[in-house]
Amino acid sequence: MQTPPWLNPADPERQREVDEQTAARMGITVERLHEIDRQIAADQRARDALGPADRIVDDNPKFNKGFGPVTPENTIAPGEVRTHAANQTNYEFWTRLRVDYVSVTRGEELVGYLYGSQGGNSAGFLPCVAAHGNRNKAASYWQKRLAETCAMGLTPEEAVRYFIGRSSDAEYGGVAADAEVAVADTIQDLALQLNPGAPLGNGPWIQDGTSPTGSPADRSNGWGPLVSAPPKPTFPAETASSLVFYAITRENTILGYLWSATTENAADYLPRAAAGDAGVVASGLWKHRLQNAFGRGKSSLEALRQCRNVSAYAYDRFGLIEPDAIERLAPSLAALRDLAERE
C-alpha cells in the first residue's frame, strides 16, 4: 500500500486547514493527529503484507469504514450497521437457555467448545485460552462454519451434532467422530469450565427474544396469552433426616445455606435472615440448579455436590460456594433453620 494521500497532500495548505479542524474536534494537537495517521498507515502496511490465508475478513461497515479521509464512500450511513447485521445469516451468540456442546480438538489438544441452545436460535464457539494458535482466527473460522449450517436451515442443536466426525481443519481443529454431546446450564458456566478465571459476562439485556424477566422484546402482538404454568418439579423441601450443607457466600458474607438430606431425597436453599434481600435474591440461582439436577435424575446429595463444584456465575448477585468450603452437618432441618434465623 502507498502512503495515504492525506500524509502527502497535493495542496499542503488546504490539508493543514483540514487537519487543524479535525484535531480541534478531537481535542488534540495537529502533531498528535499526524502521529495517529502515521500509525494507521503503518498498521495498514502490516495488514497488506499478510498473505490472504492469514487475514480475517469482515465486511461489517463498522470495521471497514470511517477510517482515514472523510469521503462519501468511507462514511457510515445512518442505519447501515443495523442493516448489515439484519442481513447476516447466522445464529445469535448469547442465550440464557441451556446449551448442548461438543469439544473441538486438534489432535489431543482442546481448541474450544461449539455450543447450541436447546429450543432457541443461539450457537457459537468458545475458544480455549490455553490452546496454541490464533484464538480470534479460530473463532472466526467456526462462526463461518456455523453460518453455513444456519443457511442450511439446521437448528442450533442440529448444528452442534452436524460437525461430529466431519473433516478436521489442520489449524482450527474439528469434532471427533466419537465426540459426545454434553449439556451446560448456561454459556457462562460453559465458558468458566473451559477457561477458569475468565468469566464470559452476562451479555445483552435481550436474549432469546426476551428480557431476563421473560418479557418478550417484540410486543407488536401484545404480551401473548397469559397462562398459569405449574412449577417445574424439584426435590422436596421438607425432611426428617439429618442434613449436609454448604454456606453460600459473597464477599465474606453468608447469604444462605444450600442443603441436602443424608437419608432422604430432599434438598433446598435457606436464605439467611441477616443477609436480607440479598439472601432471598440468591435463592433464584441455587433453587434453579437443584431443579435442573432433579430433572436430570440426580439424587439430592449428587445435586448438592455438583453445585459445590460448578463454576461461579454472577457471583456479585448470587454468591458462591467457596473453593475451600467444608461440607457441614446439621442434625435436622429445624436446626439449620434456626441457624439461618439467628446468625
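Starting from 1, each residue takes its place in the sequence as its number.
Side-chain rings of Y101 and Y115 stay apart, their centers remaining 6.0 Å or farther from each other.
Separating the OH atom in Y269 from the CZ atom in F318 is a distance of 10.5 Å, to the nearest 0.5 Å. Here the CG-OG1 distance, from L329 to T262, works out to 7.0 Å after rounding to the nearest 0.5 Å. In this structure, CG in L290 is found 9.5 Å from CG in L285, a value given to the nearest 0.5 Å. Atom OG1 in T186 sits 8.0 Å away from atom CG in L192 (nearest 0.5 Å). In this structure, CG in L110 is found 7.5 Å from OG1 in T105, a value given to the nearest 0.5 Å. In this structure, CD in Q207 is found 10.0 Å from CZ in F93, a value given to the nearest 0.5 Å.
Dense packing is recorded around CG of D324, with more than 12 heavy atoms of other residues, nucleotides or ligands lying under 6.0 Å away. Residue E92 qualifies as open at atom CD: its count of foreign heavy atoms under 6.0 Å is 12 or below.
A distance-only check finds no donor-acceptor pair linking the side chain of N195 to the backbone of A198 [under 3.5 Å]. In this structure a side-chain-to-backbone donor-acceptor pair under 3.5 Å is present from S241 to T263. Of the possible polar contacts, none joining the D208 side chain to the T210 backbone as a donor-acceptor pair under 3.5 Å is found. Looking only at distances, a side-chain donor or acceptor of S168 sits under 3.5 Å from a matching main-chain atom of G174. Looking only at distances, no side-chain donor or acceptor of R166 sits under 3.5 Å from a matching main-chain atom of A177. At least one donor-acceptor pair closer than 3.5 Å links the side chain of Q188 to the backbone N or O of G201. Using modelled atom types, one side-chain atom of S122 and one backbone atom of W94 make a donor-acceptor pair closer than 3.5 Å. In this structure, E171 contributes its side chain and G133 its backbone to no donor-acceptor pair below 3.5 Å. Of the possible donor and acceptor atoms, one in the side chain of N265 sits under 3.5 Å from a partner among the backbone N and O of S300.
By the 4.5 Å heavy-atom criterion applied to side chains, F163 and L114 are counted as neighbours. Looking only at side-chain heavy atoms (C-beta outward), L320 and T249 come within less than 4.5 Å of each other. Side-chain contact between V111 and H132: absent, with no pair of heavy atoms (C-beta onward) separated by less than 4.5 Å. You'll find the side chain of R250 stays beyond 4.5 Å of the side chain of R317, heavy atoms only. Looking at heavy atoms from C-beta onward, D268 lies in side-chain contact with K287 at the 4.5 angstrom threshold.
The pair D185-R98 meets the salt-bridge criterion, with a side-chain N (NZ, NE, NH1 or NH2) lying under 4.0 Å from an Asp/Glu carboxylate O. Between E109 and R106, at least one side-chain nitrogen of the basic residue sits less than 4.0 Å from a carboxylate oxygen of the acidic one, meeting the salt-bridge criterion. Residues E238 and R337 are paired through a salt bridge, judged by an N-O separation under 4.0 Å between the basic side chain and the carboxylate. A salt bridge does not link E158 with R161: every distance from a Lys NZ or Arg NE/NH1/NH2 to an Asp or Glu carboxylate oxygen is 4.0 Å or more.
Clustering of Ile, Leu, Val, Met, Phe, Trp and Tyr by side-chain heavy atoms under 4.5 Å joins V30 with none of the others. In the hydrophobic clustering, where aliphatic and aromatic side chains (Ile, Leu, Val, Met, Phe, Trp, Tyr) are joined below 4.5 Å either directly or transitively, Y257 groups with L243, F245, I254, W259, L270, L333, L336, L339.
Considering every non-hydrogen atom in both A325 and I321, the closest pair reads CB-CG2, 3.8 Å. Among all heavy-atom pairs drawn from L255 and A282, the shortest one is CD1-CB, 3.9 Å.
V99 and L97 fall into different hydrophobic clusters, defined by Ile, Leu, Val, Met, Phe, Trp and Tyr side-chain heavy atoms under 4.5 Å apart, directly or through other members.
Using cut-offs of 30° and 60° on the angle between ring planes, the pair F235 and F294 is perpendicular.
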- Item | R16/E20 under salt bridge (Lys or Arg N to Asp or Glu O under 4.0 Å): CA gap, chis, key distance, verdict | CA-CA 6 Å; R16 179 74 184 187; E20 288 174 349; 3.3 Å; yes
- Assess whether salt bridge (Lys or Arg N to Asp or Glu O under 4.0 Å) is satisfied between E341 and R272, documenting all intermediate values. CA-CA 6 Å; E341 287 294 324; R272 178 169 167 260; over 6 Å; no
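Partners of A123 according to the side-chain contact (heavy atoms from CB on, under 4.5 Å) rule, which considers only residues two or more places apart in sequence or in another chain, are Y91, L146, P156.
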